[in-house]
Amino acid sequence: MKNLKMIAIYYICIAMLAACSSEKNKYVINGTVPDGVWNGKTVYMLDYSDGLIIDSANVINRKFVFEGVAGEAIVAKFVLEDLYAEFILENGNIKADLSHPYSIKGTLLNDKLNEYLHKSEDLVVKAGEELSNMDASLSASEIEEKQAQIVDELFVKMDELPASYLKEHPNDALGAIIFYLWMQNDMDRPVEKFNEAAAHVGEYVLNFGPVKQIVESYKKSEETAVGKPFVDFTIENGNKDGSSASLSDYVGKGKYVLVDFWASWCAPCRMETPVIAEVYNKYKGDKFEVVSVAVWDSRENTLAAIEEDGSTWPQILDAQAIPTDIYNIRGIPHIMLIGPDGTIVARDLRGEDLKNKVAEVMK
């Protein structure tokens with residue numbers, strides 16, 4: 001009888017250990033949404049790296065549940081119509097509150113990510129309060145100087161914070177999402193600064209989908225920087241008559257060429273048109289040319305704007321995102337000057353700087 005009890009206790013212990021082991025090797029996510037308007041809606045769980053759906057769950061009484069088994073921890077995100085939240089999908093019990101600011105905690109990496117996100121938000125909120133509570137007795141110039149100082153200090157802190165986390169997590173899912181959010185905060189940082197930051201993370205981080213896109217964009221910036229040869233592109237119906245047009249139809253043929261990337265709906269682009277017209281009328285000939293490239297726009301609207309503005313120089317229509325992807329242009333107008341041999345002389349010219357640069361090379 002005693003032996004039977006011992007055997008029973010042994011198997012009960014084995015079963016309990018198996019249950020504990022099973023709990024550790026799976027994830028259970030208990031989530032809540034801000035209010036009942038989401039009841040009956042579907043929450044999608046996506047792989048953040050490639051955007052593929054991992055699982056979905058319905059919201060019932062403001063709650064949703066996901067269960068499954070995770071191998072290596074990955075960056076994931078919840079998407080519920082216009083609500084979304086990034087987190088680390090790893091085994092363990094995870095609690096997700098999709099209220100704003102959202103909170104996802106319960107496992108080691110999610111606790112650290114939650115901490116990082118809230119610290120980042122606190123830095124921005126504090127800077128906002130300092131900007132709002134500026135001393136009214138200060139002069140306009142003093143206020144401007146103080147505002148610049150607050151913003152500069154914010155950017156320094158927004159660099160120091162992620163760098164501190166990446167020292168401990170240079171090559172895992174937490175490092176990947178933190179590095180991505182850090183780089184995304186300032187996409188205008190110089191290539192040198194990006195390369196400096198990237199040197200401190202591993203292949204997992206650099207191969208994380210969104211980070212990989214940023215790496216590619218910086219690579220394109222380097223390939224089309226000042227001093228580099230222009231990169232050609234062809235638009236099938238780029239000419240007004242519907243025939244194909246290439247940048248090389250104008251560039252690399254012994255003239256300085258001002259290349260203007262623009263769109264009809266872009267007010268700052270249209271404001272540059274008189275400036276471009278001025279330099280075109282002054283220097284056009286066998287040593288200088290202008291070509292405008294319509295991007296992110298419809299052919300009909302482009303043609304209407306050309307007529308309205310009285311633009312008389314060559315145009316390439318319907319380019320859409322082809323040239324902006326090649327030259328890593330994230331905003332327009334973007335006006336570059338290319339030399340007679342096809343070397344990029346200057347980028348992002350506007351106004352007086354544009355006129356001065358053209359005057360300088362045309363001497």
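Numbers for residues simply follow the sequence, beginning at 1.
Across all non-hydrogen atoms, the minimal contact from Asp325 to Lys220 is O-CD, 2.9 Å. Among all heavy-atom pairs drawn from Ala73 and Ala173, the shortest one is O-CB, 3.6 Å. Closest of all the heavy-atom pairs between Ala176 and Val205 is N-CG2, 3.7 Å. The minimum heavy-atom distance linking Gly331 with His334 is given by the pair O-CB, 3.8 Å. Taking both residues in full, the closest heavy atoms of Leu108 and Glu90 are given as N-OE2, 3.8 Å, listed atom of the first, atom of the second, then distance. When every heavy atom of Pro162 is checked against every heavy atom of Tyr116, the shortest pair comes out as CB-OH, 3.6 Å.
Residue Asn58 holds its CG atom at 4.5 Å from OG1 of Thr42, rounded to the nearest 0.5 Å. Here the CG-CD1 distance, from Leu166 to Ile178, works out to 6.0 Å after rounding to the nearest 0.5 Å. Here the CG-CD1 distance, from Leu89 to Ile94, works out to 6.0 Å after rounding to the nearest 0.5 Å. Rounding to the nearest 0.5 Å gives a distance of 11.5 Å between CD1 of Ile177 and CD1 of Ile74. For the atom pair CD1 of Ile54 and OH of Tyr48, the computed distance is 13.0 Å after rounding to the nearest 0.5 Å. Rounding to the nearest 0.5 angstrom, the gap separating the CD1 atom in Ile322 from the OG1 atom in Thr234 is 9.0 Å.
In terms of hydrophobic clustering, with Ile, Leu, Val, Met, Phe, Trp and Tyr side chains grouped at heavy-atom distances under 4.5 Å, Tyr180 and Leu123 are assigned to a common cluster. There is no path of hydrophobic side-chain contacts, each under 4.5 Å, that joins Tyr250 to Leu317. Both Phe64 and Leu83 are part of a single hydrophobic cluster, where members link through side-chain heavy atoms under 4.5 Å apart. In the hydrophobic clustering of this structure, Phe230 does not group with Leu337; members are Ile, Leu, Val, Met, Phe, Trp, Tyr whose side-chain heavy atoms approach within less than 4.5 Å, directly or through other members. Residue Leu46 is not grouped with residue Leu174 when hydrophobic side chains (ILVMFWY) are merged at heavy-atom distances under 4.5 angstrom, including chains of intermediate members.
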Practice item. List the steps and the verdict of ring pair (Phe, Tyr, Trp, His ring centres under 6.0 Å) for Phe179 and Phe208. Key: CA-CA 10 Å; Phe179 186 79; Phe208 176 55; 9.8 Å; no
Check your understanding: Between Asp232 and Ser246, does a side-chain hydrogen bond (donor to acceptor under 3.5 Å, both in side chains) hold up when you go through it step by step?
Key -> CA-CA 7 Å; Asp232 197 17; Ser246 301; 4.6 Å; no
Review point. Between Thr324 and Arg330, does a side-chain hydrogen bond (donor to acceptor under 3.5 Å, both in side chains) hold up when you go through it step by step?
Key: CA-CA 7 Å; Thr324 53; Arg330 293 186 296 274; over 6 Å; no
Review point. Would Asp50 and Lys212 count as a salt bridge (charged side-chain N to carboxylate O under 4.0 Å, His left out) if you check the C-alpha gap in whole Å, the side-chain angles of each, and the deciding distance to 0.1 Å?
Key: CA-CA 11 Å; Asp50 56 24; Lys212 202 169 184 179; over 6 Å; no
Practice item. Kindly indicate, with the supporting measurements, whether the criterion side-chain contact (heavy atoms from CB on, under 4.5 Å) is fulfilled by Trp262 and Gln315. Key: CA-CA 10 Å; Trp262 73 293; Gln315 300 273 346; 3.3 Å; yes
Check your understanding: Going through the distances and angles, do Lys282 and Phe288 end up as a side-chain contact (heavy atoms from CB on, under 4.5 Å)?
Key -> CA-CA 10 Å; Lys282 185 174 182 179; Phe288 182 76; over 6 Å; no
Practice item. Step by step, work out the side-chain hydrogen bond (donor to acceptor under 3.5 Å, both in side chains) result for Asp97 and Ser103. Key: CA-CA 5 Å; Asp97 181 357; Ser103 174; over 6 Å; no
**Study point:** Check against side-chain contact (heavy atoms from CB on, under 4.5 Å), Val259 and Val293
**Key:** CA-CA 7 Å; Val259 185; Val293 182; 4.0 Å; yes
Point to revise | Ile335/Ile276 under side-chain contact (heavy atoms from CB on, under 4.5 Å): CA gap, chis, key distance, verdict | key: CA-CA 10 Å; Ile335 305 170; Ile276 296 170; 4.1 Å; yes
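When only modelled atom types and interatomic distance are considered, Glu145 and Gln149 share no side-chain donor-acceptor pair under 3.5 Å. For the residue pair Tyr283 / Glu289, no side-chain donor-acceptor distance below 3.5 Å is found, with atom types taken as modelled. No side-chain donor from either of Trp265 and Asn301 sits under 3.5 Å from a side-chain acceptor of the other. With hydrogens and angles left out, the side-chain atoms of Asp47 and Ser49 include no donor and acceptor closer than 3.5 Å. Side-chain atoms of Asp309 and Ser311 form no donor-acceptor pair, as typed in the model, at a separation below 3.5 Å.
His118 places a side-chain N or O within donor-acceptor distance of the main-chain N or O of Asn114, the cut-off being under 3.5 Å. Panel note: side chain Asn110, backbone Gly106; no donor-acceptor pair is recorded below 3.5 Å. In this structure, Ser132 contributes its side chain and Glu129 its backbone to no donor-acceptor pair below 3.5 Å. For the pair Asn281 (side chain) and Ala277 (backbone), a donor-acceptor distance under 3.5 Å is present. One N or O on the side chain of Arg270 and one on the backbone of Ser264 form a donor-acceptor pair closer than 3.5 Å. Proximity of a side-chain donor or acceptor of Glu142 to a complementary backbone N or O of Ser139 within less than 3.5 Å is detected. Here the side chain of Asn171 pairs a donor or acceptor atom with the backbone of Glu203 at under 3.5 angstrom. Thr343 contributes no side-chain N or O that, together with a main-chain N or O of Gly339, makes up a donor-acceptor pair within less than 3.5 Å. With hydrogens and angles disregarded, a donor-acceptor distance shorter than 3.5 Å links the side chain of Arg62 to the backbone of Pro34. Looking only at distances, no side-chain donor or acceptor of Asn237 sits under 3.5 Å from a matching main-chain atom of Ser243.
At least one side-chain heavy atom of Leu109 sits under 4.5 Å from a side-chain heavy atom of His169. Counting heavy atoms from C-beta outward, Trp182 and Met158 have side chains that stay 4.5 Å or more apart. Under the 4.5 Å side-chain criterion, counting only non-hydrogen atoms from C-beta, Phe155 is not in contact with Asp152. Looking at Tyr165 and Glu115, their side chains come closer than 4.5 Å, going by heavy atoms from C-beta outward.
Residue Lys355 qualifies as enclosed at atom NZ: its count of foreign heavy atoms under 6.0 Å is above 12. Heavy atoms from other residues, nucleotides or ligands lying under 6.0 Å from CE of Met134 number more than 12. By the 6.0 Å contact criterion, NZ on Lys146 is open, its count of non-hydrogen atoms from other residues, nucleotides or ligands being 12 or less.
Salt-bridge annotation for Lys105 and Asp111: absent, with no side-chain N of the basic residue lying under 4.0 Å from a carboxylate O of the acidic one. Ion pairing between Glu223 and Lys228 fails under the 4.0 Å rule for side-chain N and carboxylate O. One finds a salt bridge joining Asp159 and Arg189 here, because a Lys/Arg side-chain nitrogen approaches an Asp/Glu carboxylate oxygen to under 4.0 Å.
Separation of the Phe87 and Phe78 ring centroids falls under the 6.0 Å cut-off.
Using cut-offs of 30° and 60° on the angle between ring planes, the pair Phe261 and Phe233 is tilted.
Looking at residues two or more places apart in sequence or on another chain, you find no side-chain hydrogen bond (donor to acceptor under 3.5 Å, both in side chains) involving Glu222.
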